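Quantities reported herein were computed from a predicted structural model and do not represent experimental measurements. Order of the sequence lines fixes the chain letters, A, B, ..., with proteins taken first and strands second; residue numbering starts at 1 for each chain.
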2 protein chains.
Amino acid sequence: MTPSGRQGRKPRADVQRNRATLLETAQRHFLRYGVGTSLEAVAKEACVGPGTLYRHFPTREALLAAVLQTRSEELAARQAGIEQLGDPAEALERWLRAMEEYFSAYSGLPEPLMAAARAQEPDSPLTIPCDILITATDQYVRAAQHAGHVRASVRGYDLFLAACSLAWIKGNDTDEESLDRLRALIASGYRERDALA
Amino acid sequence: MTPSGRQGRKPRADVQRNRATLLETAQRHFLRYGVGTSLEAVAKEACVGPGTLYRHFPTREALLAAVLQTRSEELAARQAGIEQLGDPAEALERWLRAMEEYFSAYSGLPEPLMAAARAQEPDSPLTIPCDILITATDQYVRAAQHAGHVRASVRGYDLFLAACSLAWIKGNDTDEESLDRLRALIASGYRERDALA
DNA sequence: GTCGAAACGGATGCTGCCTCCGTATATCTT
DNA sequence: AAGATATACGGAGGCAGCATCCGTTTCGAC
């Protein structure tokens with residue numbers, strides 16, 4: 001029998017401390033060097049051995065997912081703000097922008113996200129968060145479609161992919177002007193032509 | 001004085017042979033494993049030492065550019081065919097599709113292309129080919145704009161980026177159906193709304 | 001055949017990944 | 001307070017890939 005209900009022993013203090021330090025350090029390194037940064041370097045700067053890092057986070061993706069948890073909460077906060085306004089078209093637009101920024105948090109982030117998004121079985125720790133985002137996007141899309149602002153053929157997944165692409169392009173140091181034109185191009189691609197607006 | 005006009009010595013035969021074998025092998029490996037494949041493995045399969053590979057192609061990008069040369073010629077051929085038809089809108093559409101396929105030739109190809117595209121100084125062997133493609137795209141765009149089929153705000157570079165993104169998404173094993181919807185979305189983004197048809 | 005330039009190729013040093021297991025330590029027991 | 005034990009630590013080590021350097025080989029010229 002596993003001691004599932006109550007643990008027979010209080011969890012050790014150093015575990016939580018190390019985990020927190022690792023997450024903090026990893027976030028800094030992802031920010032500075034991208035998601036491909038050396039995990040050994042992260043471990044060293046967190047003053048733990050590589051073994052400890054890998055015990056806490058078995059794969060790079062697991063670490064990434066844990067670090068991303070914080071950002072996800074920020075995104076949720078923005079989501080709450082977005083849903084305040086009644087205009088579904090505006091809401092969709094802002095949501096897409098929020099996702100794009102979320103995806104641009106660290107350079108190289110779009111790749112693992114894409115990989116996780118198409119996996120049906122949650123073999124990656126990123127699959128669940130991705131599915132949540134896709135579902136959320138779909139809801140914004142449906143609302144905007146219902147109000148006649150978005151073409152019927154558009155799926156939430158399509159715009160998820162679009163946001164991912166924009167983040168990818170952004171991560172390649174493309175100038176903001178070109179990005180704005182691309183965003184506009186995509187927007188006028190999903191918007192209904194004879195919108196009531 | 002350098003013997004620039006004529007070489008003082010006939011080029012060695014093994015040089016050309018090795019180069020050809022390396023290109024052939026590299027193409028196979030890029031095709032099977034993507035542009036990130038192990039260069040050591042390529043050298044080994046081509047029956048040369050790593051030193052030889054690096055002497056012929058100092059960087060991964062140099063090798064990639066050389067391999068891509070072949071594909072470029074195919075693209076040029078398609079371009080010739082495209083310019084036959086008089087419809088500029090159709091021509092642009094086909095050109096974009098051709099570029100997308102070109103970019104999808106090997107998995108991981110879009111990244112170095114993007115990196116090369118934004119470099120102004122040809123520090124990468126891929127910069128020149130990229131500029132050629134962008135210029136070509138711009139010409140197709142202008143022609144289509146002149147005929148009133150494409151919105152005035154669109155630049156060739158924008159659609160180059162779009163094609164690159166599509167290839168990137170494609171390289172992440174996205175299903176063809178979603179890709180088609182994205183292509184349609186982009187197309188209806190750059191097309192003029194009140195087109196003459 | 002000999003010579004010299006040119007090219008070869010693999011040994012080498014480096015970085016990063018990931019695992020395994022002897023050691024250290026936090027918590028529990030009495 | 002001190003021993004017992006589960007739990008976690010950490011770094012050594014094996015592996016793979018990159019990129020270089022230099023002693024050796026090979027090709028072409030004469």
Side-chain angles (χ1 to χ4, degrees), chain A residues 1-26 29-30 32-66 107-108 111-112 123-125, chain B residues 1-4 6-26 29-30 32-66 107-108 111-112 115 123-125:
Chain A
M1 279 297 158
T2 50
S4 58
R6 286 282 170 265
Q7 62 278 18
R9 195 181 258 254
K10 194 158 63 173
R12 290 173 55 154
D14 49 351
V15 173
Q16 290 192 20
R17 194 161 32 78
N18 280 333
R19 185 186 157 89
T21 310
L22 278 170
L23 280 177
E24 203 176 316
T25 310
H29 277 241
F30 284 156
R32 198 187 299 274
Y33 309 109
V35 299
T37 189
S38 158
L39 296 189
E40 275 195 340
V42 171
K44 188 178 296 183
E45 190 171 314
C47 300
V48 302
T52 299
L53 191 157
Y54 283 101
R55 192 172 331 98
H56 280 276
F57 310 101
T59 66
R60 182 182 298 270
E61 280 185 347
L63 177 57
L64 188 55
S107 108
E111 282 84 350
D123 39 7
S124 155
Chain B
M1 280 299 154
T2 49
S4 59
R6 287 280 169 267
Q7 63 277 16
R9 195 184 257 257
K10 192 159 64 172
R12 288 174 58 156
D14 49 352
V15 173
Q16 291 191 21
R17 193 161 33 78
N18 281 331
R19 185 186 158 88
T21 311
L22 279 170
L23 281 176
E24 205 177 316
T25 311
H29 278 241
F30 284 155
R32 196 187 301 273
Y33 308 110
V35 300
T37 189
S38 158
L39 296 188
E40 276 195 340
V42 171
K44 188 178 296 183
E45 191 171 313
C47 301
V48 302
T52 299
L53 191 156
Y54 282 100
R55 193 173 330 100
H56 279 277
F57 310 101
T59 67
R60 184 182 295 271
E61 279 186 348
L63 176 57
L64 188 54
S107 108
E111 281 85 350
D123 38 8
S124 155

Subject >> Nucleotide D:dA19, atom P - distance to CG of B:Leu63 in whole Å >> reply: 12 Å
Original post:
Looking only at heavy atoms, which two atoms of A:Ala65 and A:Pro125 are closest? And how far apart?
Top reply: CB-CB, 3.8 Å
Subject >> A:Ser38 side chain near C:dT15 phosphate (N/O to OP1/OP2, under 4.0 Å) >> reply: no
Original post:
Does A:Arg60 reach the main-chain N or O of A:Leu39 with its side chain, forming a donor-acceptor pair under 3.5 Å?
Top reply: no
**OP:** Name the nucleic acid region contacted by B:Thr59, choosing base, sugar-phosphate or nothing; use a 4.0 angstrom heavy-atom cut-off, strictly under.
**Re:** nothing
Subject >> A:Leu22 side chain near A:Val48 side chain, heavy-atom distance below 4.5 Å >> reply: yes
**OP:** Would you mind telling me which of D:dC18, C:dT19, D:dA8 lies closest to the side-chain atoms of A:Arg55?
**Re:** D:dA8
**OP:** Measure from NZ on B:Lys44 to P on C:dA11 and round the result to the nearest Å.
**Re:** 11 Å
**OP:** Using only side-chain N and O atoms of A:Asn18, determine if any of them is under 4.0 Å from OP1 or OP2 of D:dC9.
**Re:** yes
Subject >> Spacing of B:Gln16 atom CD relative to D:dT26 atom C1', expressed in whole Å >> reply: 16 Å
**OP:** To the nearest Å, give me how far apart CG (A:Leu39) and P (C:dT19) are.
**Re:** 12 Å
Subject >> Residue closer to the 5' end of DNA chain C, A:Tyr54 versus B:Val15 (nearest nucleotide) >> reply: B:Val15
**OP:** Please examine the side chains of A:Leu64 and A:Pro112, heavy atoms only from C-beta on, and report whether any two atoms are closer than 4.5 Å.
**Re:** yes
**OP:** Using five base pairs at each end, measure the axis-to-axis angle across the helix from C:dG1-D:dC30 to C:dT30-D:dA1 and round it to 10 degrees.
**Re:** 10°
Original post:
For the side chain of A:Pro50, counting heavy atoms from C-beta on, which of D:dC18, C:dC17, D:dA12 is nearest?
Top reply: D:dA12
Subject >> Derivation of the side chain to side chain contact (heavy atoms under 4.5 Å, CB included) call for A:His56 and A:Leu63 >> reply: CA-CA 8 Å; A:His56 280 276; A:Leu63 177 57; over 6 Å; no
**OP:** For nucleotides 23-30 of chain C, just jot down a letter per nucleotide in 5' to 3' order: B, S or -, based on protein non-hydrogen atoms under 4.0 Å.
**Re:** --BSBS--
Original post:
Between B:Ser124 and B:Glu61, does a side chain to side chain donor-acceptor pair (under 3.5 Å) hold up when you go through it step by step?
Top reply: CA-CA 7 Å; B:Ser124 155; B:Glu61 279 186 348; 3.0 Å; yes
Original post:
How long is the line joining CD of A:Glu61 and P of C:dC18, in whole Å?
Top reply: 11 Å
**OP:** Can you tell me the distance, in whole Å, between the CZ atom of A:Phe57 and the C1' atom of C:dC18?
**Re:** 16 Å
**OP:** Determine, stepwise, if the pair A:Leu53 / A:Glu40 fulfils side chain to side chain contact (heavy atoms under 4.5 Å, CB included).
**Re:** CA-CA 9 Å; A:Leu53 191 157; A:Glu40 275 195 340; over 6 Å; no
**OP:** Would you kindly give the NE2-to-P distance between A:His56 and D:dC9, to the nearest whole Å?
**Re:** 4 Å
Original post:
For the residue pair B:Thr25 and B:Ala46, what are the closest heavy atoms and their distance?
Top reply: OG1-CB, 3.7 Å
Subject >> 5′-ward residue of the pair A:Glu40/A:Thr52 relative to DNA chain C >> reply: A:Glu40
**OP:** Mind listing the closest non-hydrogen atom pair of B:Ala66 and B:Phe57 along with its distance?
**Re:** CB-CE2, 3.7 Å
